[in-house]
Number of protein chains: 2
Amino acid sequence: MNKFSKSHPVTVDLTKHTCCTSDHNERVLAINDAMDVIRGKWKVQIIGTLLFGGKMRFMDLLRIIDGIAAKMLSKELQDLEAHQLVTRTVKETKPITVEYEITEYGKSLETVIKSVADWGIQHRRKMMQRK
Amino acid sequence: MNKFSKSHPVTVDLTKHTCCTSDHNERVLAINDAMDVIRGKWKVQIIGTLLFGGKMRFMDLLRIIDGIAAKMLSKELQDLEAHQLVTRTVKETKPITVEYEITEYGKSLETVIKSVADWGIQHRRKMMQRK
DNA sequence: CAGAATCCGGCACGATACTG
DNA sequence: CAGTATCGTGCCGGATTCTG
């Protein structure tokens, strides 16, 4: 069930614009795909936490993320796993525990998240002073 | 009506974790604020288009973005203007026209968008081959 | 042309309860 | 502990119509 940019049929009538054509379109699709992965209130935070904290259990995430409900955490983690950004491993301890860890591929998101965070901090400052 | 991370009260009980404290919290807030600006199906695309195409009229955007409805474009542009990422200038031509342009501050988002786009392309390739 | 107004369906997200 | 199941709701985003 891969919904790759289905929302945007690649039809662009160039009735008046002869400039923006070829690879500009690919960028749009890329951005949408990327945003699909990142979208959702918690995705980025989960990845960030895992990126920063290493291997963690469900409960750890539930406690650290602060505000997230179990259902959401569960669902978002499934999404991330489907995208091969995190791994899920079940430990056969007495009360069963599950550990989540970011994949090598998932680490490639660090750049993105970092730039988002950096911009956010800057934005925060700007919005504080002015007004 | 500034809703700065109101969703996440900064209460983190450290019953068991003594590590993640101080500035980690600030990063979370920063990320949320940044995502608030970027969130929405069209925001990034609009900024990207303006970033790439320079000064543009409403109709241009409406045609280029392909798929967006006037209402959405209008609303998103208002949001962006409120965040001081774009400027809106009315030209007193015969049928009135309005031009939108990205601000200097808005250009600071280029880094973010670029990293998102780059990752998206890479992600796209990966998902194509495997599976 | 550049929007505002209105109506509406779906799903993102939340709260709560239950299970192995 | 690590989830599912169920239910409810807001608001996000789309389609359409009207206006200056």
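Within every chain, numbering begins at 1; the chains are lettered A, B, ... in the order of the sequence lines, protein sequences first and strands thereafter.
A cation-pi contact links B/Lys126 to A/Tyr105, judged by a cut-off of 6.0 Å to the six-membered ring centre and 45° from its axis.
Taking atom CG on A/Leu73 and atom P on D/dA2, their separation rounds to 10 Å, with Å as the unit. Between the CE atom of B/Met56 and the P atom of C/dA2 there is a distance of 11 Å, given to the nearest Å. Atom pair B/Leu62:CG and C/dA4:P shows a separation of 14 Å (rounding to whole Å applied). Taking atom CG of A/Asp66 as the reference point, atom C1' of C/dG14 lies 15 Å away to the nearest angstrom. Between the NZ atom of A/Lys43 and the C1' atom of C/dC13 there is a distance of 12 Å, rounded to whole Å. One can place CG of B/Asp36 at 13 Å from P of D/dC11, the figure rounded to the nearest angstrom. Distance, A/Ile46 CD1 to D/dA2 P: 14 Å, rounded to whole Å. Across the protein-nucleic acid pair, B/Phe58 atom CZ and C/dA2 atom C1' stand 6 Å apart, rounded to whole Å.
Screening A/Ile102, A/Ile64, A/Val98, A/Val86 for a side chain to side chain contact (heavy atoms under 4.5 Å, CB included) involving A/Met56 leaves a single residue, A/Ile64.
Judged purely by atom type and a 3.5 angstrom limit, B/Asp60 uses its side chain to pair as donor or acceptor with the backbone of B/Arg57. Without hydrogens or angle criteria, B/Thr87 side chain to B/Thr103 main chain gives no donor-acceptor distance under 3.5 Å. A/Lys114 places no side-chain N or O within donor-acceptor distance of the main-chain N or O of A/Glu110, the cut-off being under 3.5 Å. Side chain of A/Ser74 to main chain of A/Ala70: no donor-acceptor pair is present (N/O by atom type, distance under 3.5 Å, no hydrogens or angles).
Going from atom CD1 of B/Ile113 over to atom CZ of A/Arg27 covers 9.5 Å, rounded to the nearest 0.5 Å. Rounding to the nearest 0.5 angstrom, the gap separating the NZ atom in A/Lys41 from the CD1 atom in A/Ile65 is 12.5 Å.
The shortest distance between the side-chain N/O atoms of B/Gln78 and the OP1/OP2 oxygens of C/dG3 is not below 4.0 Å. Checking the phosphate oxygens (OP1, OP2) of C/dA2, no side-chain nitrogen or oxygen of B/Ser74 falls inside 4.0 Å. Between B/Tyr100 and C/dC1 there is no side-chain polar atom (N or O) within less than 4.0 angstrom of OP1 or OP2.
Linking ILVMFWY side-chain heavy atoms closer than 4.5 Å, directly or via other members, places B/Val116 and A/Ile121 in two distinct hydrophobic clusters.
Rounded to 10 degrees, the angle separating the terminal helix axes of the helix from C/dC1-D/dG20 to C/dG20-D/dC1, each built from five base pairs, is 40°.
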Under 3.5 Å, which N/O atoms of the protein pair with N/O atoms of nucleotides 12-15 of chain D?
residue	atom	partner	partner atom	Å
D/dG13	OP1	B/Lys41	N	2.9
D/dG14	OP1	B/Lys41	NZ	2.9
D/dG14	OP2	B/Trp42	NE1	3.1
D/dG14	O6	B/Lys71	NZ	2.1

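Taking for each of B/Ile96 and A/Arg88 the nucleotide of DNA chain D with the nearest heavy atom, the 5'-most of the two is the partner of A/Arg88.
A/Glu99 comes within contact range of no nucleotide atom at all, as no heavy-atom separation falls under 4.0 Å.
For A/Ala70, taking side-chain heavy atoms from C-beta onward, the closest of the listed nucleotides C/dC1, C/dA4, D/dG3 is D/dG3.
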